[in-house]
Amino acid sequence: MISDALDRPLRNLRLSVTDRCNLRCEYCMPEDDYQWLPREDLLHFEEISSLVDLFVAEGVDRIRLTGGEPLLRRDLPKLMAMVAAKPGVNDLAMTTNGILLADQIDALAAAGLRRITVSLDTLRADRFKALTRSDELPRVHEGMQAAKRVFPGRFKIDTVVIKGVNDDELADLIEYGKSVGAEVRFIEYMDVGGATKWSWDHVLSRAEIVALLSKRYGAVTPIVEHSSAPADRYRLPDGTVFGIISSTTQPFCSRCDRSRLTADGMWYLCLYAATGLDLRAALRGGVNSDQIAAMIRGAWMARDDRGAEQRLALGERRAFVPIKALKKDPHLEMHTRGG
Ligand code: SAM
């Protein structure tokens with residue numbers, strides 16, 4: 001296993017399988033138009049599979065399929081099966097908005113998907129519509145029921161918390177999580193690329209989330225564990241466990257072992273990185289696999305990114321990437337990079 005300049009191992013790889021999404025979440029894709037990656041640039045499944053082999057040989061053992069909305073990628077179970085078949089892959093997960101999940105979940109599980117995270121920020125139809133510009137909340141609920149059936153104990157719900165928007169629903173979401181057997185994780189609103197409407201005023205911090213839930217449930221006890229997982233976990237008096245991902249107010253850069261491969265083969269070592277490594281060009285340009293492996297090793301060993309910590313150190317802060325820059329380079333978008 002190789003480590004970077006700050007002694008962090010290369011372990012977690014997020015594969016974005018498409019930059020397209022069927023939602024337009026206010027904190028991720030609030031603009032009217034987007035420039036999509038050219039179709040001919042998208043990696044074929046065989047290309048993704050060859051790159052995954054190289055990553056696994058360098059120590060990656062956890063893979064998460066994401067996007068954009070991963071369920072929009074045609075024949076996804078086929079790719080899932082290709083990745084699941086690799087002996088070095090110990091954990092295979094997926095993050096989805098759940099709309100297309102009920103239809104595909106059995107095929108994905110049969111192909112080797114082990115765990116699932118479904119994103120859901122509100123239980124209220126009117127809010128869902130305002131937040132996502134979609135009426136598909138009932139289908140998300142169908143997806144949640146399917147996840148309850150197929151992945152008991154291996155199912156999480158991720159909620160981005162936005163002050164003044166859904167911060168009055170935290171306990172309702174925990175109760176909903178209980179009803180479908182999912183662990184809920186609250187994500188602090190991040191100023192990632194694409195979040196053009198971000199401001200500090202809309203961030204509900206980890207401390208505020210804990211305070212709110214303590215008021216409702218009584219003592220909220222932190223669970224002490226040593227893991228590279230981004231969420232810090234807590235227990236409620238009735239035993240319910242939930243998590244908080246506090247990337248904005250208390251970043252986890254020092255233990256970040258994740259990197260991201262976009263659907264068109266750009267490899268990013270930090271969610272906030274301005275540039276990535278073009279593995280598609282290497283692959284299609286005839287660079288042999290030993291040389292691509294050396295590129296991966298070299299880049300990881302030089303990695304000293306601490307994007308979220310550097311953002312925090314700024315104090316005063318506004319949206320990370322201006323709209324003009326996002327329009328010029330869609331790779332700066334969270335939905336392209338793979339959330
Ligand atoms: N479409 C899939 C989904 O909805 O889960 C996968 C991609 S989405 C970009 C992955 C996760 O990133 C979602 O849970 C989403 O809520 C989160 N996300 C997007 N923008 C964010 C932001 N500005 N702050 C915090 N989380 C964000």
Side-chain angles (χ1 to χ4, degrees), residues 12 14 16 19 21 23-31 34 64 66-69 95-97 117-122 131-132 156-167 169-170 173 184-210 212 228-233 242-260 262 268-274 276 305-323 325-326 329-339:
N12 263 292
R14 299 191 156 222
S16 173
D19 57 328
C21 193
L23 294 182
R24 288 290 177 274
C25 296
E26 189 68 7
Y27 51 77
C28 188
M29 300 183 74
E31 309 306 321
Y34 285 92
R64 177 175 293 273
T66 179
E69 173 47 41
T95 302
T96 170
N97 61 32
T117 302
V118 183
S119 303
L120 179 64
D121 307 315
T122 178
L131 254 175
T132 66
K156 293 197 173 84
I157 294 176
D158 275 3
T159 298
V160 179
V161 184
I162 304 181
K163 206 180 251 180
V165 173
N166 62 348
D167 50 348
E169 284 191 71
L170 305 191
L173 284 155
V184 176
R185 304 190 308 174
F186 298 112
I187 308 177
E188 288 180 354
Y189 187 9
M190 296 173 68
D191 60 342
V192 287
T196 49
K197 303 203 165 167
W198 186 94
S199 83
W200 266 124
D201 297 343
H202 289 117
V203 177
L204 193 78
S205 69
R206 173 192 347 197
E208 290 170 309
I209 293 172
V210 169
L212 264 178
S228 70
D232 292 310
R233 297 164 84 224
F242 70 95
I244 303 179
I245 302 179
S246 49
S247 310
T248 303
T249 67
Q250 296 179 56
F252 61 97
C253 300
S254 63
R255 54 193 161 91
C256 177
D257 59 4
R258 64 200 52 212
S259 63
R260 295 174 156 81
T262 63
Y268 288 93
L269 309 189
C270 176
L271 202 43
Y272 289 95
D305 302 71
R306 295 183 300 109
E309 285 179 1
Q310 283 163 343
R311 296 292 297 159
L312 182 61
L314 289 178
E316 256 317 292
R317 200 164 150 182
R318 58 187 69 192
F320 177 47
V321 188
I323 296 177
L326 288 171
D329 184 2
H331 289 101
L332 295 168
E333 299 269 5
M334 167 84 147
H335 70 268
T336 306
R337 213 162 266 206

Run the salt bridge (charged side-chain N to carboxylate O under 4.0 Å, His left out) test against [X] and tell me which residues pass, sequence neighbours left out.
X      : answer
Glu169 : Arg127
Asp158 : Arg185
Arg306 : Glu309
Glu31  : none

Just wondering, do [Y] and [X] contact through their side chains at under 4.5 Å, heavy atoms?
X      : Y      : value
Lys163 : Asp201 : no
Asp19  : Glu333 : no
Thr95  : Ser119 : yes
Val118 : Asn97  : no
Thr248 : Arg317 : yes
Asp305 : Tyr272 : no
Leu204 : Leu170 : yes
Pro230 : Arg258 : yes

Please name the pair of heavy atoms, one in [X] and one in [Y], separated by the smallest distance, quoted to 0.1 Å.
X      : Y      : answer
Ser16  : Gly68  : OG-N, 4.4 Å
Pro30  : Lys197 : CB-CE, 4.1 Å
Ala195 : Ala319 : O-CB, 3.7 Å
Gly307 : Cys253 : N-SG, 4.1 Å

Mark yes or no for whether [X], through its side chain, and [Y], through its backbone, hold a donor-acceptor pair below 3.5 Å.
X      : Y      : result
Asn12  : Asp257 : no
Thr262 : Thr336 : no
Arg14  : Gly339 : yes
Arg337 : His331 : yes
Thr159 : Val161 : no

Atom pair [atom1]/[atom2] of [X] and [Y] - distance to nearest 0.5 Å:
X      : Y      : atom1 : atom2 : result
Asp121 : Cys28  : CG    : SG    : 10.5 Å
Glu208 : Phe186 : CD    : CZ    : 14.0 Å
Leu314 : Phe320 : CG    : CZ    : 9.5 Å
Ser199 : Tyr189 : OG    : OH    : 7.5 Å
Trp198 : Ile162 : CH2   : CD1   : 12.0 Å
Glu26  : Asn166 : CD    : CG    : 11.5 Å

Query - Audit row: Ser247, Met190, side-chain contact (heavy atoms from CB on, under 4.5 Å) steps and yes/no - result: CA-CA 7 Å; Ser247 310; Met190 296 173 68; 3.7 Å; yes
**Study point:** From CA spacing to verdict: side-chain contact (heavy atoms from CB on, under 4.5 Å), Leu131, Thr122
**Key:** CA-CA 9 Å; Leu131 254 175; Thr122 178; 4.2 Å; yes
Practice task
Check step by step if side-chain contact (heavy atoms from CB on, under 4.5 Å) holds for Met29 and Tyr34.
Solution key: CA-CA 8 Å; Met29 300 183 74; Tyr34 285 92; 3.4 Å; yes
Given Lys156 and Val184, is the side-chain contact (heavy atoms from CB on, under 4.5 Å) satisfied, shown in steps? CA-CA 6 Å; Lys156 293 197 173 84; Val184 176; over 6 Å; no
May I have the step-by-step check of salt bridge (Lys or Arg N to Asp or Glu O under 4.0 Å) for Arg206 and Glu188, ending in yes or no?
CA-CA 7 Å; Arg206 173 192 347 197; Glu188 288 180 354; 5.5 Å; no
Across all chains, not counting sequence neighbours, the side chain to side chain contact (heavy atoms under 4.5 Å, CB included) partners of Val321 are Ala325, Leu326, Leu332
Those residues at least two apart in sequence (or on a different chain) that pass side chain to side chain contact (heavy atoms under 4.5 Å, CB included) with Arg255 are Asp232, Phe252
Exercise. Between Asp191 and Arg311, does at least one N-O distance fall below 4.0 Å, as a salt bridge requires?
Worked result: yes
